Amino acid sequence: MRPRKIPQRKCVACQQMMAKKELIRIVRSPAGEIAIDLTGKKPGRGAYLCGKVSCFKLAKKSKAFERALATPVEAEIYDRLEAEFIRVEDEFQAAKELEDADDGIE
Ligand SMILES: [Zn+2]
């Protein structure tokens, strides 16, 4: 039995390749707004981060979002995203655990 091919994405901070669902997507909408996209389906250019605050801080330090989203990201946006990131982290981890449980009955 071979596992299905799982789409992989790279965390913009630690450069680790991971299954897409293990990562949190940051999206720049066509209107230029930068937000966390927990659904992974919002239109726009995306950057992926593993669901760890340490990686968010690393991305902030290395300006990884600027590069990945090809747009300047102001300090206030980083601050807002960081607060949101910390808030959604628990939610994200919980959702992931639920999904993992579902995998067994797929
Ligand atoms: Zn990472």
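Atoms within a ligand are numbered from 1 in the order they appear, just like the ligands themselves. What you are looking at is a predicted structure, and each value in this text was computed from that prediction instead of being measured.
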Contacts table for residues 31-40: side-chain donor-acceptor under 3.5 angstrom, sequence neighbours left out:
unit_1, atom_1, unit_2, atom_2, d
Asp37, OD1, Thr39, N, 3.2
Asp37, OD1, Thr39, OG1, 2.7
Asp37, OD1, Gly40, N, 3.1
Asp37, OD2, Arg25, NH1, 2.8
Asp37, OD2, Gly40, N, 3.2
Asp37, OD2, Lys41, N, 3.1
Asp37, OD2, Lys42, N, 3.0
Thr39, OG1, Lys41, N, 3.2

Residues 50-59 side chain polar contacts: donor-acceptor under 3.5 Å, at least two apart:
unit_1, atom_1, unit_2, atom_2, d
Lys57, NZ, Glu82, OE2, 2.6

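Residues meeting the ring-ring contact (aromatic ring centres under 6.0 Å, His included) test with Tyr48, sequence neighbours left out: none.
Within 6.0 Å of atom CD in Glu74, 12 or fewer heavy atoms from other residues, nucleotides or ligands are found, so the atom counts as exposed in its surroundings.
Under the 4.5 Å side-chain criterion, counting only non-hydrogen atoms from C-beta, Asp79 is not in contact with Leu81.
Around the Zn ion (ligand 1), protein atoms of type N, O or S found under 2.8 Å number 4.
We find the CG-CZ distance between Leu23 and Arg9 to be 9.0 Å, quoted to the nearest 0.5 Å.
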